[in-house]
Engineer: 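Sending over a structure as structure tokens; questions will come in a sec.
Keep in mind that the numbers below use all heavy atoms, side chains included, and drop hydrogens, waters and symmetry copies.
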Amino acid sequence: MYYVYILKSGKDGSLYTGLTVNIDKRLVEHNAGLSAYTKSKLPWYMVWHCVFGDKHKAALFEKYLKTASGIAFLRKRLI
């Protein structure tokens with residue numbers, strides 16, 4: 001299974017979108033400062049996730065969520 005997820009920073013409220021196979025482990029890694037992009041905005045909270053059976057579809061959806069229209073969609077429909 002593949003997870004597309006959205007995290008929200010407890011520091012400034014910014015959002016982070018990612019893709020992983022182990023969602024619990026990945027959240028721990030973000031909050032441990034192991035991700036260069038997210039370590040300056042700790043702590044992170046999971047606000048949304050979706051499960052995909054196909055890696056390609058999950059990657060396409062993650063990529064879409066990082067576009068301008070995807071950001072508008074996630075702000076209006078997902079969180």
Side-chain angles (χ1 to χ4, degrees):
M1 304 309 277
Y2 301 91
Y3 298 86
V4 175
Y5 61 94
I6 300 171
L7 304 178
K8 186 171 187 175
S9 170
K11 182 176 182 179
D12 65 3
S14 61
L15 299 175
Y16 176 84
T17 302
L19 170 67
T20 189
V21 294
N22 187 333
I23 199 164
D24 296 322
K25 179 182 175 189
R26 190 67 181 125
L27 181 59
V28 169
E29 290 172 353
H30 281 293
N31 281 318
L34 300 178
S35 174
Y37 184 80
T38 61
K39 70 180 177 181
S40 65
K41 298 181 180 188
L42 299 174
W44 289 94
Y45 302 98
M46 184 77 57
V47 293
W48 181 87
H49 74 274
C50 185
V51 182
F52 290 83
D54 181 86
K55 184 178 182 178
H56 181 69
K57 288 182 182 181
L60 288 175
F61 191 64
E62 178 202 17
K63 186 175 180 178
Y64 165 70
L65 289 178
K66 292 180 177 183
T67 66
S69 61
I71 292 168
F73 172 77
L74 76 86
R75 291 184 187 274
K76 185 174 183 179
R77 302 285 183 204
L78 302 180
I79 59 170

Engineer: Hey, could you give me the CG/CZ distance between Asp54 and Phe61, rounded to the nearest 0.5 Å?
Structural biologist: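 Between atom CG of Asp54 and atom CZ of Phe61 there are 14.0 Å.
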Engineer: Which atoms form the tightest heavy-atom contact between Thr38 and Trp44, and what is the distance?
Structural biologist: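 Nearest pair, atom of Thr38 first, then Trp44: O-NE1, 2.8 Å.
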Engineer: Residues two or more places apart in sequence or in another chain: which of them pass side chain to side chain donor-acceptor pair (under 3.5 Å) with Lys39?
Structural biologist: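 Lys39 satisfies side chain to side chain donor-acceptor pair (under 3.5 Å) with no residue once adjacent residues are dropped.
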Engineer: Hey, any chance Tyr37 and Ile6 share a hydrophobic cluster, counting ILVMFWY side chains that come within less than 4.5 Å of each other, even indirectly?
Structural biologist: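 No, Tyr37 does not connect to Ile6 through the hydrophobic network.
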Engineer: Answer yes if Ile71 and Ile79 sit in the same cluster of Ile, Leu, Val, Met, Phe, Trp and Tyr residues linked by side chain heavy atoms under 4.5 Å apart, and no otherwise.
Structural biologist: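 Looking at the clustering, Ile79 is in a separate group from Ile71.
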Engineer: Kindly indicate whether the side chain of Leu27, heavy atoms from C-beta on, has any atom under 4.5 Å from the side chain of Tyr45.
Structural biologist: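 They are not in contact (no side-chain heavy atoms under 4.5 Å apart), so the answer is no.
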Engineer: May I ask you to decide if Tyr2's main-chain N or O and Lys55's side chain share a donor-acceptor pair within less than 3.5 Å?
Structural biologist: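 No: the side chain of Lys55 does not pair with the backbone of Tyr2.
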Engineer: Which value, rounded to the nearest 0.5 Å, describes the distance between Thr17 atom OG1 and Tyr64 atom OH?
Structural biologist: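 Spacing of OG1 (Thr17) from OH (Tyr64) equals 11.5 Å.
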Engineer: Would you name the heavy atoms of Ala58 and Leu19 that are closest together and state the gap between them?
Structural biologist: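 For Ala58 and Leu19, the tightest heavy-atom pair comes out as CB-CD1, 3.6 Å.
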Engineer: Would you give the length of the straight line joining atom CG of Leu78 to atom NE2 of His49, rounded to the nearest 0.5 angstrom?
Structural biologist: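 Going from the CG atom of Leu78 to the NE2 atom of His49 covers 12.0 Å.
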Engineer: What I'd like to find out is whether the side chain of Lys66 reaches to under 4.5 Å of the side chain of Lys63, using heavy atoms alone.
Structural biologist: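 Side chain of Lys66 against side chain of Lys63, heavy atoms only: no contact under 4.5 Å found.
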Engineer: Shortest non-hydrogen contact from Ser9 to Lys41?
Structural biologist: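 Smallest heavy-atom distance, with atoms named: OG-O, 2.7 Å.
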Engineer: Mind checking whether Val47 and Phe52 sit in one hydrophobic cluster, side chains of I, L, V, M, F, W, Y counted as touching below 4.5 Å?
Structural biologist: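 Result: yes, single cluster for both.
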Engineer: Examine Trp48 and Leu15 and state if one hydrophobic cluster contains both, with Ile, Leu, Val, Met, Phe, Trp and Tyr joined whenever side-chain heavy atoms are less than 4.5 Å apart.
Structural biologist: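 Same cluster.
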Engineer: Working to the nearest 0.5 angstrom, can you tell me the gap between Lys11 NZ and Ser40 OG?
Structural biologist: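 Output value for this atom pair is 6.0 Å.
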Engineer: His30 pairs by side-chain contact (heavy atoms from CB on, under 4.5 Å) with which of Thr20, Leu7, Leu42?
Structural biologist: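 Only one option passes, and that is Leu7.
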Engineer: Same cluster for Val51 and Met46 if Ile/Leu/Val/Met/Phe/Trp/Tyr side chains link at under 4.5 Å?
Structural biologist: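 Shared cluster, yes.
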Engineer: Got a second to check how far Glu62's CD is from Leu65's CG, nearest 0.5 Å?
Structural biologist: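 The distance works out to 8.0 Å.
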